[in-house]
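Proteins get letters first, then strands, A, B, ... in listed order; numbering begins at 1 in each. All values derive from a computational prediction rather than experimental measurement.
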Amino acid sequence: MNRSGPPLAQPRQGAVDMQRRFNPLEADAKWQRIWDEKQSFRADDASTKPRSYVLEMFPYPSGRIHIGHVRNYTMGDVLARYRRMIGHEVLHPMGWDAFGMPAENAAMEKKVHPGDWTRSNIANMKAQLKKLGFALDWSREIATCEPDYYGHEQALFLDLYEAGLVYRKESAVNWDPVDMTVLANEQVIDGRGWRSGALVEKRKLNQWFLKITQFADDLLEGLKGLDQWPDKVKLMQENWIGKSQGLQFRFRLDAPVGDITELEVFSTRPDTIFGASFAAIAADHPIALALAEKDAQLAAFAEECRRTGTAAAEVETQEKKGYDTGLSVIHPFLPDRRLPLFVANFVLMEYGTGAVMAVPAHDQRDLDFARKYMLPTPRVVAAPGDEDKPIGEEAYTGPGRLINSGFIDGMDVEAAKAAVIARAEAEGWGLGTTIWRLRDWGVSRQRYWGTPIPFIHCDGCGVVPVPKDQLPVKLPEDVSFDIPGNPLERHPTWRHVDCPQCGQPARRETDTLDTFVDSSWYFIRFASQPDDRPFDKAEAERWLPVGQYIGGVEHAILHLLYARFWTRALSHIGLIDVKEPFAGLFTQGMVTHETYKAPDGRWLAPQEIEKRGDVFVVSDTGEPVTLGRVEKMSKSKKNVVDPDDIIDQYGADAVRWFMLSDSPPERDLPWTASGIEGSWRFVNRLWRLFGEAGERGEDGSDKALDRKLHQTIDGIAKDIEALSFNKAVAKIYELANVIEKAAPSASRAEAIRALALLVAPMVPHLAEEAWADMGGEGLIADAAWPPVDPALLVDDEVTIAVQVMGKLRDTITVAKGLPKAEVEALALAAPNVARTLDGAVPKKIIVVPDRLVNLVV
RNA sequence: GCGGACGUGGCGAAAUCGGUAGACGCAGCGGACUUAAAAUCCGCUUCCCUUCGGGAGUGCGGGUUCGAGUCCCGCCGUCCGCACCA
């Protein structure tokens, strides 16, 4: 595989060779230069046209673009170019999410400054993107690592501070010992740092936080209006925000622990309170901590609980374990009933009050635990007829009426919840409460390569914001990464400043901001970028919200939720009148590739193997190769394809075409060598076809071809708007097939010309070349989408299926809209139908106009 | 364990509202052109039965309907996400 010579190996003259083979090496560069010179894709802020803001998630400048970027940006590009053709003013910008750890890692490994590394990566990747011919407005390019971006971010951060949305608190944080940085809870995966993979330790530090929880309800409610978002993503955010309503109440302890006499718990099922058979607290609960001081066994158990990973999948399959404290709590309605108090490994301190009332009959976790420790499992909710049915190994969580439950007996679940909450509130030991799973956003990072947090610590004045006229607080350039930790802390001069308030010597904050802050407002800066402030309100509002945002589903929660929050926060303080930053969201699938394994189990790159007969072997050694699964491209599996290699071999258009073909964009796209070959063949087929644009035959019209053309124009427009590029591609193939078979005519010449316009958003270089070749006016990039004649969208004849008892027996072709009676007659007369009926008379005839006839005998 | 999505030829997939399943592409097979190859073009290509023509078929088992890939019930499988969420 990959053994066939590169298609571009043969020498060629100009962009058009003698056999009319398209030469992308020439054409790509030529048109890219012309688009640049003419500033074709620069968005005009003052335009009066309808506006489209098309945005793909900006890349991290890792050094090379990945084939996944190519897919992402090609999709956005087709939409952007199409929108231009239908007369929109399009904003389609690009930039760089340029702060972050890899730059510091590179600095440590390669002794290169993070800034130099990042800027050179940006230059490389920009060149790569340019080779793909994207219709981007490069005049608005942003790199978040430049002071003219992060300085404005500091200003916004100070605004949020003034509005009370920023605060500091000491809190236990996830300390990544490898990256020497703090990770948000959301960024810890399986107890490990999401980037470094190092086991996370707990440390207490003073941290900067953003009050995202203040907007929890609004962020949740806002999801309802996002009708152009995938349901999947909305659901993930909903679960992440995690609103639950229930009763927060206090159990009295039967004996005090130190000065603690009560246990505060939260339950979403207060209706089941009469079924409670024990209570459980987290290992880090104050009561547990107090008891552990005098109970070595408990201390050991608590330590074991802390070591367990935080990930659900890991923990949920683990065995439920508890430690009996020997204490009991007193049931609020049944003073005689004592519930034993356990420390349990399935209760989390971070959620609710870190304590639960356990109702084994109606909660599976509680039931598993009760079975293990032989605790009672009294049923208190039953469906009709189930009242005496014992609880087995499955908790009953369905609807029903309350039993064995005192004053709420006979009520349904919802009524009982309300009644218990009302009674608890009346008696003063509980309160109906809403709790959230969402926690405030910790934005401090103990890291150099990020936006400096613009504050100063003064012994006399405390924490003092840097005055806005002293922004940006720039990162010092002279830093070293010879030893781990934050270079800002050990810089000889940078952190030493005078306090803006009292003038006494003070110290700069050395934490920098989470890079998710950088990406929480870049789409606003794209829309408006004055020098003296982050953005102009009116200018930004002209473009926002982003009409179509496209990116990977891996950002479904963190980035998208933070950006939604940040935009709300800015709106809250009056900086912009937009709450939802992204009106439309599309999450594209990954690009995958087959994997190959040698007999010894090592992964092989596609270049290392070849096909001999029906089997794959290692080229050098002839060893047999096992075909692995089709998987996401990754360096470790050696199944990565470098976009640059492919572009050099086939040109940008074939690559773009392949990215759009076959697989629905939300699904994974398997990269195959034969697939890109096929795309390359089609690019050349189009090119040959465009060469026939001048052949008009006898200059007559071809009604069938006219119809096909107009149906295709209409269909493709709808497909592109729906981002169903694979369907648009299929329609292009169909049209090309029909045109190729048609005899030369004025209609055919017109169809070829229109075909160039239809493919222009997808294969723009080829389309420009063809457009120039056929004498089109101006650039095809500036041309209008071909108009549709509605009269040509409908066929005047239709083929109708004729079924007998639901089985297809024949088809008939009739005039569209033919009356039922006539259709019936023709159906009955169809030869195969007549034979099948064999004289039988249909009992019933179902006629679906213009679609089918079904005869029931 | 919980939540979600999906399951259609050898492969990627199409199939507005319940109305001709498999469009289009890839791979494969056969043919034309060529000294030969590449490129290109033409044809075939869900499975089974010998052809005309039938039969079966959208993960499995039921159901609703004149008619089910599509709707309902119950399974099975694959993938994705996850925070034991009380």
Side-chain angles (χ1 to χ4, degrees), chain A residues 4-5 7 10 19 21 185-186 189 230-233 235-236 238-240 242-244 246 265-270 272 280 308 310-318 320 344-348 350-359 362-366 368-369 435-439 553-554 556-557 630 658 661-664 666-670 672-679 681-682 684-685 688 718 724 726-727 729-734 736-737 740 799-811 832 835-836 842-848 850-857:
Chain A
S4 58
Q10 306 94 332
Q19 284 125 28
R21 195 140 126 136
N185 285 320
E186 299 92 323
I189 293 162
D231 290 340
K232 178 175 65 170
V233 174
L235 187 75
M236 283 163 84
E238 195 181 314
N239 291 339
W240 190 265
K243 181 179 189 174
S244 37
V265 303
F266 176 82
S267 172
T268 54
R269 290 295 304 274
T272 61
T308 313
T310 51
E314 182 187 339
V315 173
E316 291 198 40
T317 40
Q318 98 182 347
K320 308 277 179 285
N345 66 352
F346 66 92
V347 179
L348 297 182
E350 291 76 31
Y351 190 77
T353 61
V356 299
M357 73 164 190
V359 185
H362 305 292
D363 182 289
Q364 193 60 45
R365 284 181 316 275
D366 298 349
D368 294 344
F369 191 89
I435 63 165
W436 303 87
R437 184 243 167 234
L438 186 68
R439 282 164 238 153
V553 73
E554 68 272 18
I557 298 175
V630 175
F658 182 77
S661 304
D662 288 351
S663 289
E666 69 278 8
R667 271 194 234 173
D668 290 350
L669 170 70
T672 62
S674 54
I676 183 68
E677 287 282 345
S679 295
R681 278 201 300 274
F682 186 66
N684 281 289
R685 227 177 108 197
R688 286 191 299 276
K718 288 175 178 150
S724 298
N726 58 320
K727 295 189 208 169
V729 163
K731 288 188 176 79
I732 296 280
Y733 274 115
E734 275 189 64
N737 290 344
E740 279 176 346
T799 301
I800 290 179
V802 185
Q803 301 178 332
V804 178
M805 294 301 287
K807 280 190 195 295
L808 183 70
R809 292 302 169 187
D810 214 332
T811 58
N832 231 342
R835 186 175 54 241
T836 309
K843 274 199 300 215
K844 192 173 167 189
I845 302 178
I846 290 133
V847 181
V848 182
D850 298 334
R851 296 227 60 137
L852 67 60
V853 177
N854 191 9
L855 307 171
V856 185
V857 291

Regarding the side chain of S267(A), the nearest nucleotide among A23(B), A86(B), G55(B) is A86(B)

Mind calculating the distance between NZ (K807(A)) and P (G67(B)) to the nearest angstrom?
11 Å

Select one nucleotide: of G53(B), G81(B), C24(B), the one nearest the side-chain heavy atoms of E734(A).
C24(B)

Scanning both residues in full, the closest heavy-atom pair of N854(A) with M805(A) reads OD1-N, 3.5 Å

Ignoring hydrogens, what is the shortest heavy-atom contact between S663(A) and N726(A)? Give both atom names and the distance.
O-CB, 3.6 Å

Atom C1', compared across A27(B) and C11(B): separation rounded to whole Å
7 Å

Expected string for nucleotides 12-21 of chain B under the B/S/- scheme (protein heavy atoms, under 4.0 Å, primed atoms plus P, OP1, OP2 as sugar-phosphate) is BSSS---BB-

Of T672(A) and V356(A), the one whose closest RNA chain B nucleotide lies more 5':
T672(A)

Using Watson-Crick and G-U wobble pairs whose two distances are both under 3.5 Å, how do you write the pairing of RNA chain B as dot-bracket, with | for links to another strand?
(((((((..(((......[....))).(((((.......))))).((((...))))..(((((..]....))))))))))))....

Qualifying residues under side-chain contact (heavy atoms from CB on, under 4.5 Å), relative to Q364(A), sequence neighbours excluded:
L367(A), D368(A), E394(A), A395(A)

Under a 90° cut-off about 0 for the syn range, is C76(B) syn or anti?
anti

Check: V347(A) and V356(A) side chains under 4.5 Å, non-hydrogen atoms
yes

Between I845(A) and V847(A), is there a side-chain heavy-atom distance shorter than 4.5 Å?
yes

N832(A) CG to G55(B) P: how many Å, rounded?
10 Å

Say we look at C6(B) and A38(B): how far apart would their C1' atoms be, to the nearest angstrom?
42 Å

Could you walk me through whether L855(A) and Q803(A) pass the side chain to side chain contact (heavy atoms under 4.5 Å, CB included) test, one step at a time?
CA-CA 6 Å; L855(A) 307 171; Q803(A) 301 178 332; over 6 Å; no

D231(A) CG to G81(B) P, in whole Å, measures 19 Å

Could you pull out all residues at least two apart from E740(A) that satisfy side-chain hydrogen bond (donor to acceptor under 3.5 Å, both in side chains)?
R685(A)

Tabulate atom names and distances for all N/O pairs under 3.5 angstrom spanning the protein and nucleotides 61-63 of chain B.
none

Under the rule syn = chi within 90° of 0, otherwise anti, which is G9(B)?
syn

F369(A) and A344(A) have their tightest heavy-atom pair at CE1-CB, 4.0 Å

Between R681(A) and C26(B), is there a contact of a side-chain N or O with OP1 or OP2 at under 4.0 Å?
yes

Distance check needed: G3(B) P versus L235(A) CG, whole Å only.
11 Å

Is it true that a side-chain atom of T672(A) and a backbone atom of G675(A) form a donor plus acceptor pair closer than 3.5 Å?
yes

Measure CE/M236(A) against P/G81(B) and give the value in whole Å, please.
8 Å

Just the atom pairs and distances: protein N or O near nucleotides 44-51 of chain B's N or O, under 3.5 Å.
none

Is T272(A) close to M357(A) at the side-chain level, that is, under 4.5 Å between some pair of heavy atoms?
yes

Which residues pass the salt bridge (Lys or Arg N to Asp or Glu O under 4.0 Å) test with D366(A), not counting sequence neighbours?
none

In whole Å, I'd like the distance from the CD1 atom of I557(A) to the P atom of G4(B).
14 Å

For M357(A) and A86(B), what is the distance between atoms CE and P respectively, to the nearest whole Å?
12 Å

Using the P atom on both, measure A23(B) against G3(B) and round to a whole Å.
39 Å

Between G69(B) and G9(B), how far apart are the two C1' atoms, rounded to whole Å?
14 Å

Is there a side-chain polar atom (N or O) of N737(A) under 4.0 Å from OP1 or OP2 of A23(B)?
no

Residues passing the salt bridge (Lys or Arg N to Asp or Glu O under 4.0 Å) test with K232(A), sequence neighbours excluded, are none

Considering only atom P, compute the distance from C29(B) to G18(B) and round it to an integer number of Å.
42 Å

Between A56(B) and G61(B), how many Å separate the two P atoms, rounded to a whole number?
14 Å

R809(A): salt bridge (Lys or Arg N to Asp or Glu O under 4.0 Å) partners, not counting sequence neighbours:
none

When you match K844(A) and Y733(A) each to their closest nucleotide on RNA chain B, which lands nearer the 5' end?
Y733(A)

If you measure from the P atom in U16(B) to the same atom in U70(B), how many Å do you get, rounded?
13 Å

For I557(A), all residues meeting side-chain contact (heavy atoms from CB on, under 4.5 Å), sequence neighbours excluded
M236(A), W240(A)

Name all residues meeting the side-chain hydrogen bond (donor to acceptor under 3.5 Å, both in side chains) criterion together with T811(A); count only those two or more places apart in sequence or in a different chain, and write none if there are none.
none

When rounded to whole Å, the NZ to P distance for the pair K232(A) and C80(B) reads 12 Å

Between U8(B) and U46(B) - C1' atom distance, rounded Å
10 Å

Residues which pass salt bridge (Lys or Arg N to Asp or Glu O under 4.0 Å) with D850(A), listed by chain and number, not counting sequence neighbours
K816(A)

Select one nucleotide: of A86(B), G54(B), G25(B), the one nearest the side-chain heavy atoms of R685(A).
G25(B)

